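Letters go in sequence order (proteins before strands), and every chain restarts at 1. The structure presented is a predicted model; accordingly, all values stated were derived computationally and were not measured.
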There are 2 protein chains.
Amino acid sequence: MKVYKIPEATVMRLSVYSRFLHQLLDEGVNTASSEAIAQGVGVSSAQVRKDLAYFGEFGTRGVGYRVDELYGHLKSILGLDHDWNIILVGAGKLGSALALYQGFAERGFHVSTIVDNDKKIVGNKLGMVTVEPIEVMTQRVKEKDIKVGVLTVPASAAQNVTDLLVEAGIKAILNFSPRVLKVPNTVILRNVDLSVNLEVLSFNLNMNKKN
Amino acid sequence: MKVYKIPEATVMRLSVYSRFLHQLLDEGVNTASSEAIAQGVGVSSAQVRKDLAYFGEFGTRGVGYRVDELYGHLKSILGLDHDWNIILVGAGKLGSALALYQGFAERGFHVSTIVDNDKKIVGNKLGMVTVEPIEVMTQRVKEKDIKVGVLTVPASAAQNVTDLLVEAGIKAILNFSPRVLKVPNTVILRNVDLSVNLEVLSFNLNMNKKN
DNA sequence: CCACTCTTGTGAAATAGTTCGCAATTAAGT
DNA sequence: ACTTAATTGCGAACTATTTCACAAGAGTGG
């Protein structure tokens, strides 16, 4: 199980495999071949096997994979076998939606703190959590040992907030703001950019029209 | 300008370049070198030049790129020089947030119809648009000639809705539901999967811990 | 108008990621 | 036990993407 460098695309697919396996579990399926998984998630079977091979041998030749077993391995590989505390910075439209998003909790990401700099929003309850003023951010990250921050602030505030989070000791940031953030390379950064996704669609529509 | 196949990563970066150039315009910057753009968005300068080279020669040797000019080219390449009507299917937490999301409108994506199958939600106003029952979906897509659909429905409903949209003549789908969708290859599909993003973060946190 | 500096555009090389093809292994049937 | 069918794991071949490196322009200053 020597791990040099796992392609990010592989990691993303592992997450999709894991979801598909969960679906199979629900349906009471016991074993699945790489081909079955491949069909289910829309990739090639060789791809599935290659992705899994980075982490070990999970299947049985001639048979396939035991669904429950492989699911367990994937959860563990993805670090989903324990919970993560997360802080949500920015409780506007998108932030509120994410705070209430079930997918977070389902995967063990627990929104334990929400902060915003708008006095009109502070005090609101989103699910079980009350929105606090941004001033307490650093303190909360430290005292609750929060590793993951989710940013849904306007672009103009993004870098500022990021610097504060980094200084407070955050380990990973999921950034929804349309701004390229600078972080030390000890901090893991992922960007989810809704405009980029729209624009890729637009590009493809535009291409199709021309050709 | 012969276009065989543009890597998707290139298209995504073009979108990011375009946003950065917009920022430079705001700051009154007239010209930018590939190196300046590269610094601004966190890629290599060679990457910037290579990406642009797919579409033509936009710079001046020894000088760089005129910001306004390159911005215009990118907008046009990305198909952002005219508006797109979009339909939003699913007006729950995430759907509502997206309906009110400014980034859509800013880039010329106009949410012209919102539908949901929950009677309690139908009739609500989100911005200028009233949520309509899902039964009118097909009709609206046809009569308004809507090309782009945004899906924020539960996984269980996703494929069903997709089939209806495809049949109604939709050209592109931005899917926020955590389900792999099957569409004919005449329809452009992009998936934005919040759980996948979280899980990639989790994976990386997990790795760091171990090494 | 020459020398110098800067920066693009682009083949070529290097790196990364995907697909192919098949030996190895397992189970099932006879 | 033997044969057949299924399916993994994995090296090798292939394809895609990124980086390198440099010739070709373009502006600047003397």
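Ring geometry for Phe58(B) versus His73(B): interplanar angle of 30 to 60°, hence tilted.
Judged as a salt bridge (Lys or Arg N to Asp or Glu O under 4.0 Å), and not counting sequence neighbours, Glu27(B) has no contacts. Residues meeting the salt bridge (Lys or Arg N to Asp or Glu O under 4.0 Å) test with Asp145(A), sequence neighbours left out: Lys147(A). A search for ring pair (Phe, Tyr, Trp, His ring centres under 6.0 Å) contacts involving His22(A) returns Tyr71(A), not counting sequence neighbours. Partners of Asp118(A) by salt bridge (Lys or Arg N to Asp or Glu O under 4.0 Å), not counting sequence neighbours, listed by chain and number: Lys120(A). For the side-chain contact (heavy atoms from CB on, under 4.5 Å) test, residues two or more places apart in sequence or in another chain that qualify with Asn191(B) are Asn175(B), Leu189(B). Remark: Asp163(B) pairs with no residue by the salt bridge (Lys or Arg N to Asp or Glu O under 4.0 Å) rule, at least two apart or across chains.
We find that OH of Tyr65(B) is positioned 17 Å from P of dC6(C), with the value rounded to whole Å. Remark: P of dT7(C) and CD of Gln39(B) are 12 Å apart, rounded to the nearest angstrom.
Looking only at side-chain heavy atoms (C-beta outward), Ile114(A) and Ile87(A) stay at 4.5 Å or farther from each other.
Side-chain N or O atoms of Ser45(A) include none that pairs as donor or acceptor with a backbone N or O of Ser34(A) at under 3.5 Å.
Salt bridge status for Lys75(A) with Asp81(A): absent, with no side-chain N to carboxylate O gap under 4.0 Å.
Nearest heavy-atom pair, Ile37(B) versus Tyr65(B), reported as atom, atom and distance to 0.1 Å: CD1-CD1, 4.3 Å.
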Under 3.5 Å, sequence neighbours excluded: what are the donor-acceptor pairs made by side chains of residues 88-103 of chain A?
unit_1	atom_1	unit_2	atom_2	d
Ser96(A)	OG	Ala91(A)	O	3.1
Ser96(A)	OG	Gly92(A)	O	2.6

All N/O pairs under 3.5 Å across the protein-nucleotides 24-28 of chain C interface:
unit_1	atom_1	unit_2	atom_2	d
dA24(C)	O4'	Arg61(A)	NH1	3.4
dA24(C)	N3	Arg61(A)	NH1	3.2
dT26(C)	O4'	Arg61(A)	O	3.1

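Using a 4.0 Å cutoff to heavy atoms of chain A, the contacted part of DNA chain D runs 5' to 3' from dA6(D) to dA12(D).
Sorted by first and then second residue, the salt bridge (charged side-chain N to carboxylate O under 4.0 Å, His left out) pairs with a member in residues 172-200 of chain A read Glu8(A)-Arg190(A), Asp193(A)-Arg19(B), Glu199(A)-Arg107(B); sequence neighbours excluded.
Contact annotation: Tyr54(A) does not reach the phosphate of dA16(C) (side-chain N/O to OP1 or OP2, under 4.0 Å).
Less than 4.0 Å separates DNA chain C from at least one heavy atom of each of the following residues of residues 43-50 of chain B: Arg49(B), Lys50(B). Residues of residues 7-23 of chain A having a heavy atom closer than 4.0 Å to DNA chain D: none are found.
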